[in-house]
Amino acid sequence: MSTLDTVAHAGQTPDLDQPWADLGLKEDEYARIREILGRRPTIAELAMYSVMWSEHCSYKSSKVHLRRFGDLPQTTPLGDTLAGIGENAGVIDVGQGWAVTFKVESHNHPSYVEPYQGAATGVGGIVRDIMAMGARPVAVMDPLRFGAIDHPDTARVLPGVVKGIGGYGNSLGLPNVGGEIVFDECYQGNPLVNALCVGTLRHEDLHLAKASGAGNKVVLFGAKTGGDGIGGVSVLASETFDEGGPTKRPAVQVGDPFAEKVLIECCLELYRAGVVEGIQDLGGAGLSCATSELASAGDGGMSVELDRVPLRDSTLRAEEILMSESQERMMAVVAPDQVDAFMAITDRWDVEATVLGEVTGTGRLVITWHGETIVDVPPRSVAHDGPVYDRPMARPQWLDAVQADSSASLPRPGTDELGQVVLDLLASPNLCDKSWVTDQYDRYVLGNTRQAMPADAGLVRIDERTGLGIAVSTDCNGRFGRLDPYAGAQLALSESYRNVATTGALPLAVTDCLNFGSPEDPEVMWQFERAVAGLFDACLELGIPVTGGNVSFYNQTGDVAIHPTPVVGVLGVIEDVAKGVGAGFAHDGQVVLALGRTRDELDGGEWAHALHGHLGGVPPQVDLAAEKALADFFVAAVRAGVLTSSHDVSDGGLAITLAESALRHGVGASLDLTPVCERDGVDLTTALLSESVARAVVTVADEQSLATVVNLAAEHGVPVARVGTTGGSTLKVKGALELEVDAMRLAHTATMRSYFAS
Amino acid sequence: MGRIVVDVMLKPEILDPQGQAVRGALPRLGLTDFTDVRQGKRFVLSVDGEVTPEHLARAREAAETLLSNPVIEDVVDVHELVHDEPEQAPLTGEGAR
Amino acid sequence: MGRIVVDVMLKPEILDPQGQAVRGALPRLGLTDFTDVRQGKRFVLSVDGEVTPEHLARAREAAETLLSNPVIEDVVDVHELVHDEPEQAPLTGEGAR
Amino acid sequence: MKIGVVTFPGSLDDHDARRAVDLCGGEAVALWHRDADLRGVDAVVIPGGFSYGDYLRAGAISRFAPVMTEVVRGAEAGMPVLGICNGFQILCESHLLPGAMIQNDHRTFVCRDQRLRVESTSTAWTGDFEDGEEITIVLKNQDGQFVADADTLDRLEGEGRVVFRYLGANPNGSYRDIAGISNARGNVVGLMPHPEHCVEEGYGPSLDGRRFFTSVLQEMVSA
Ligand SMILES: Nc1ncnc2c1ncn2[C@@H]1O[C@H](COP(=O)(O)OP(=O)(O)O)[C@@H](O)[C@H]1O
Ligand SMILES: [Mg+2]
């Protein structure tokens with residue numbers, strides 16, 4: 001039999017050599033643990049600290065920068081936030097007694113190792129975060145980045161990731177209402193799989209992750225605990241005292257979406273019954289995280305009998321149980337007189353639930369194993385007071401050269417070449433039709449989806465009675481991030497904000513997933529700091545808070561980091577979702593208007609990237625005032641009901657916006673961009689390909705609506721130009737191109753299929 | 001025509017939701033003997049003519065590279081399907097093996 | 001602990017999308033010997049103690065009622081997993097059966 | 001008129017089916033898989049989703065739920081039963097309908113607005129359609145390929161029990177483009193597409209789903 005490393009034993013063996021380095025702890029971190037405890041940690045304590053103080057759980061490299069987001073006013077254009085950064089997910093008031101919670105998270109590395117399960121459990125994890133706020137999850141999105149489209153490993157990773165996201169999300173009955181698919185060599189070996197979930201709740205249903213009220217019970221419910229995701233602890237295994245050695249521990253976590261679907265319904269019923277005092281999901285760091293965070297955020301004390309945890313693998317040792325990342329589990333704090341009611345509900349859903357212990361007034365988290373104390377720590381020291389690093393930063397040496405290498409050196413296409421350029425862009429990996437992917441996602445389930453892909457933003461009804469709805473979009477151009485991380489983050493926000501606004505929704509709040517290389521590289525750290533600063537300044541200017549998000553570091557191979565990729569999600573609200581406007585020319589004979597100002601801005605854009613493999617210069621100028629004006633215009637115009645369609649201008653420029661508008665319903669248009677060119681002083685090529693911000697294309701049905709729109713645009717200071725009329729089977733731009741809509745469709749839809757449909 | 005069977009199972013330490021679901025359903029049919037159920041895959045590969053050692057070697061290669069995902073699965077068996085196995089003959093009644 | 005294996009295959013006349021996909025992928029790995037591939041399911045049922053004839057009978061019942069759908073599938077084999085089968089031991093190298 | 005909608009663990013479109021029933025003038029009643037009780041409903045909808053995760057085979061495990069004993073009893077006595085997607089799979093596994101569903105031939109989940117032809121209006125759930133009418137209904141599934149042996153298929157065709165057929169490219173490999181079928185009596189219908197997602201302006205590609213529910217309400221009035 002093995003010897004159990006108890007607290008008492010630790011006291012007697014102060015000089016035992018411990019494998020802190022193999023667990024990823026630094027010498028001074030280990031020293032601090034000893035100082036906190038006044039003795040050496042037990043193996044179980046060491047396991048807890050090491051995992052909770054990891055970069056992933058403690059944000060030790062990013063904390064000093066992320067703190068800034070907390071300085072943003074915690075108010076949206078509609079009022080105070082109900083829960084902000086630091087909770088599982090931020091919660092915002094969207095009016096009429098409704099609240100919305102949303103958050104984006106990464107599951108990058110697991111998805112590279114095992115694309116299907118990595119992506120699936122990524123969805124599962126973010127959905128539990130949303131559930132933990134007391135909300136019903138109502139939609140998901142999946143911003144994705146892959147290596148080159150023609151790289152053999154992309155053929156392995158992409159289909160698996162897509163199948164995993166669909167396999168999990170579809171089985172949960174959550175509509176997938178948007179996302180991104182971007183290909184770039186820089187993500188080779190480091191694909192990004194981010195997942196966003198939105199949930200809704202009534203204000204009074206808000207639940208927080210805290211264990212308060214001494215005597216309240218701590219209940220673990222959901223799936224049994226297995227050895228998932230505790231690879232690191234195998235280090236401990238070799239150090240400890242077992243004979244025979246442990247059985248193998250899985251290298252990847254496998255998701256069970258069915259178990260999670262049942263868990264969702266079960267949780268919602270528990271909330272309705274009012275039997276939950278506090279709730280926390282189990283994600284990274286499993287029970288270590290859930291117990292220490294619940295205790296730390298509450299009264300501070302908790303006692304747990306770890307041997308009560310239902311196991312899938314009876315060979316697991318105590319420290320492994322503490323670190324296991326088995327999926328589909330939750331932890332609740334329940335008043336003693338509610339435990340029976342709680343269990344009746346979990347029984348009804350065939351969900352296993354076990355009382356593990358209770359909240360105490362001791363200020364200590366005490367964990368026992370068959371009666372012996374193996375953990376006795378101040379929970380705050382584990383959960384919230386981990387190490388914080390202000391890592392060195394350095395502006396990259398290469399940046400000046402890259403910024404100097406503008407796209408001006410590339411041959412601009414002549415007007416006679418523009419037709420082919422547009423076809424080539426429509427077929428290019430980042431701009432091509434993604435329905436091969438999005439058709440694998442259920443967008444209809446729950447019956448509230450007003451708009452999903454390929455819309456600018458997902459648009460979802462949250463109240464069937466009143467039609468109250470929300471719009472959500474995620475965006476980021478990592479190339480802009482590489483050219484200028486500060487501007488890159490702002491441009492990501494700018495685009496996401498615009499995508500939400502074009503539907504007529506009022507943008508309210510931001511969530512972000514900051515995907516970067518190694519924080520130990522000063523240049524990466526500099527990029528990170530710049531991106532956070534950019535996002536902070538932009539949110540301040542736009543008057544919207546960051547309510548939550550996620551940081552993913554170490555996305556690099558050797559010395560080569562991915563482009564800084566701060567994926568930004570924006571959520572907006574619309575009073576009557578039925579009034580929301582979609583993209584695309586729907587009818588013949590409508591007036592087409594171009595909104596916003598075009599500058600000569602092709603650096604870092606799709607034209608330079610897709611057709612010339614060029615990345616240099618400086619990204620488009622950030623103009624948040626213009627972005628806000630455009631959004632305000634949209635809210636007013638959509639409320640007035642005068643727009644028949646709207647589509648923003650972003651990747652690929654006006655050319656792609658117009659082409660996509662024609663493709664949507666197969667309605668062409670006849671256009672003349674002279675007013676834009678003359679007003680903005682750009683040539684036709686620039687007008688079509690530039691990626692300047694704060695622009696959109698809208699249509700109106702009649703002269704009266706036109707007048708209203710022109711007035712509203714003037715009122716908000718949005719430049720507007722009448723550029724043509726919808727109709728016909730071609731997209732015609734005077735002096736530049738005339739393309740059959742069918743020919744564009746052929747080019748647009750062939751790409752994904754040719755690489756991935758087997 | 002010869003046939004080769006490749007059996008692939010999830011590694012024992014990996015969660016098997018499918019097996020769990022079956023495990024949960026059996027008692028409802030009054031079948032209470034089974035303490036655990038794991039679900040795996042069985043492939044039957046056909047070759048022209050007799051199965052040769054080369055065929056088996058290639059089947060093993062296929063098993064390791066394509067038919068199983070080594071991160072979560074084990075190839076537990078690769079063997080020739082011999083004719084006295086009741087292969088493809090539905091099992092019925094008492095007499096069946 | 002005893003274990004019983006239940007093998008289920010799609011009926012020969014039903015087209016098997018998964019098998020077809022594997023069949024199509026093999027030549028891309030340079031494996032050109034295989035003229036057909038079928039994918040089925042393999043269940044491993046555990047029982048406490050030795051496998052008895054009663055256990056086998058019940059496994060057959062499970063196979064016919066739950067584990068297979070007779071409209072599309074055949075139960076091709078139900079047998080005790082005997083210990084000299086290389087069960088759960090990953091197959092490696094030449095020596096492996 | 002009360003129409004029951006069964007919820008199994010893993011049902012996803014149960015709420016939507018109840019909404020559709022209510023919107024079309026019926027009274028939706030939630031039924032629970034564990035209860036061998038139909039709560040006095042006049043008809044039953046088995047909704048879509050992934051009951052029991054669709055592990056093993058789609059619909060295989062739900063078939064053994066206590067509520068299904070009652071559904072089968074009711075169906076055999078002539079009560080209208082509609083199986084949508086997973087519900088269709090459950091009805092096949094329960095032997096209320098012939099045939100079975102296997103994985104889509106392209107092996108991926110597919111979500112699309114699907115054109116269908118109504119091939120029979122003499123069932124409890126299709127009386128409000130015109131014979132041969134073309135409709136658009138949301139289709140979304142992973143295991144939607146309807147298969148049956150040739151005799152069964154011939155019999156279904158011969159007896160006019162093919163109720164819906166896919167138009168355009170076959171979305172999942174279903175034999176003879178079959179999207180939905182009925183039992184001999186016409187009270188039990190199963191189909192892969194989702195009429196409950198086509199009942200509200202702006203929340204689905206059409207309103208063609210409404211007539212499934214108005215048909216059965218009409219049928220029950222005249223019965
Ligand atoms: N991985 C994905 N999952 C779901 N929807 C996606 C995904 N990738 C792209 N989409 C959807 O496809 C459409 C086009 O994507 P994109 O061109 O990135 O939009 P935009 O430029 O408006 O942000 C959008 O509706 C987007 O939400
Ligand atoms: Mg857009």
Side-chain angles (χ1 to χ4, degrees), chain A residues 136 159 162-176 255-266 328 347-351 435-453 459-461 464 467 469 576-580 582 753 756-758, chain D residues 7-20 22-23 32-35 47-56 58 61-62 65 84-86 104 106-114 137-143 171 193-206 209:
Chain A
R136 171 180 277 285
V162 168
K163 231 179 189 328
I165 288 166
Y168 207 99
N170 295 340
S171 304
L172 289 188
L174 293 179
N176 186 312
D256 180 355
F258 167 63
E260 181 127 320
K261 166 63 182 172
V262 172
L263 204 52
I264 293 175
E265 298 303 330
C266 180
E328 293 97 20
D347 273 357
R348 178 173 141 80
W349 287 98
D350 293 312
V351 168
S435 53
W436 181 83
V437 169
T438 56
D439 283 357
Q440 296 185 47
Y441 302 150
D442 186 345
R443 58 184 175 275
Y444 286 115
V445 65
L446 298 182
N448 290 316
T449 307
R450 179 78 197 188
Q451 237 179 242
M453 39 276 189
L459 196 52
V460 176
R461 175 174 65 181
E464 286 181 34
D576 183 0
V577 79
K579 285 196 169 166
R753 256 163 240 288
F756 302 110
S758 62
Chain D
T7 298
F8 296 96
S11 290
L12 305 179
D13 304 304
D14 47 342
H15 176 84
D16 303 38
R18 294 202 300 271
R19 178 203 285 125
D22 289 338
L23 275 172
W32 183 239
H33 69 111
R34 269 198 203 164
D35 302 337
F50 289 83
S51 60
Y52 294 97
D54 270 6
Y55 300 145
L56 187 60
I61 296 178
S62 299
I84 300 169
C85 194
N86 198 226
N104 295 344
H106 46 81
R107 292 172 297 116
T108 48
F109 186 95
V110 61
C111 176
R112 69 154 77 143
D113 304 339
Q114 178 67 43
I137 303 283
V138 167
L139 178 75
K140 41 172 214 171
N141 61 66
Q142 170 77 39
D143 297 316
H194 287 257
E196 80 282 15
H197 290 320
C198 303
V199 295
E200 261 191 295
E201 189 71 53
Y203 299 92
S206 75

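Letters A, B, ... mirror the listed sequences (proteins, then strands); counts begin at 1.
Between Y441(A) and C111(D), every side-chain heavy-atom pair lies at or beyond the 4.5 Å cut-off. Side chains of F109(D) and V162(A) form no contact here, defined as non-hydrogen atoms less than 4.5 Å apart.
One finds the CD1 atom of I61(D) at 7.5 Å from the CZ atom of F258(A) (value rounded to the nearest 0.5 Å). Atom CG of L446(A) is separated from atom OH of Y203(D) by 13.0 Å, given to the nearest 0.5 angstrom. Atom CG of residue D113(D) and atom CZ of residue R443(A) lie 5.5 Å apart, to the nearest 0.5 angstrom. In this structure, CZ on R461(A) lies 4.0 Å from CD on E200(D), to the nearest 0.5 angstrom. D14(D) contributes atom CG, which lies 7.0 Å from atom CD of E265(A) (distance to the nearest 0.5 angstrom).
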Run the numbers on K163(A) and Q142(D) for side chain to side chain contact (heavy atoms under 4.5 Å, CB included), then give the verdict. CA-CA 11 Å; K163(A) 231 179 189 328; Q142(D) 170 77 39; 4.0 Å; yes
Checking R348(A) against W32(D) for the side chain to side chain contact (heavy atoms under 4.5 Å, CB included) test, could you report, in this order, the C-alpha distance in whole Å, the side-chain angles of both residues, the deciding distance, and whether it holds? CA-CA 10 Å; R348(A) 178 173 141 80; W32(D) 183 239; 3.5 Å; yes
Side chain to side chain donor-acceptor pair (under 3.5 Å) between Y55(D) and D256(A), worked out: CA-CA 10 Å; Y55(D) 300 145; D256(A) 180 355; 2.6 Å; yes
Using the side chain to side chain contact (heavy atoms under 4.5 Å, CB included) rule, take D442(A) and H194(D) through it: C-alpha gap first, then chi angles, then the decisive distance, then the call. CA-CA 12 Å; D442(A) 186 345; H194(D) 287 257; over 6 Å; no
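Of all heavy-atom pairs spanning Y444(A) and V138(D), the tightest one is CD1-CG1, 3.3 Å.
Of the two parts of V445(A), the backbone and the side chain both hold a non-hydrogen atom closer than 4.5 Å to a non-hydrogen atom of chain D. Heavy-atom distances place no part of E260(A) under 4.5 Å from chain D, backbone and side chain included. Contacts between S171(A) and chain D at a heavy-atom distance below 4.5 Å involve backbone atoms as well as side-chain atoms. Heavy atoms closer than 4.5 Å to chain A are found in the backbone of E201(D), but not in its side chain. Y52(D) touches chain A through backbone and side chain together, each having a heavy atom under 4.5 Å away. For a residue to count as touching a neighbouring chain, one of its non-hydrogen atoms must lie under 4.5 Å from one of that chain's; by this rule L172(A) touches chain D with the backbone only.
Counting heavy-atom pairs under 4.5 Å between each of G173(A), S435(A), G447(A), A757(A) and chain D puts G447(A) at the top. The residue among S11(D), G53(D), G10(D), G202(D) with the most heavy atom pairs within less than 4.5 Å of chain A is G202(D). Ranking R34(D), H33(D), H15(D) against chain A, the residue ahead of the rest is R34(D), based on heavy-atom pairs under 4.5 Å.
Although no hydrogens or angles enter the test, the distance criterion places no donor-acceptor pair under 3.5 Å between the side chain of D439(A) and the main chain of V110(D).
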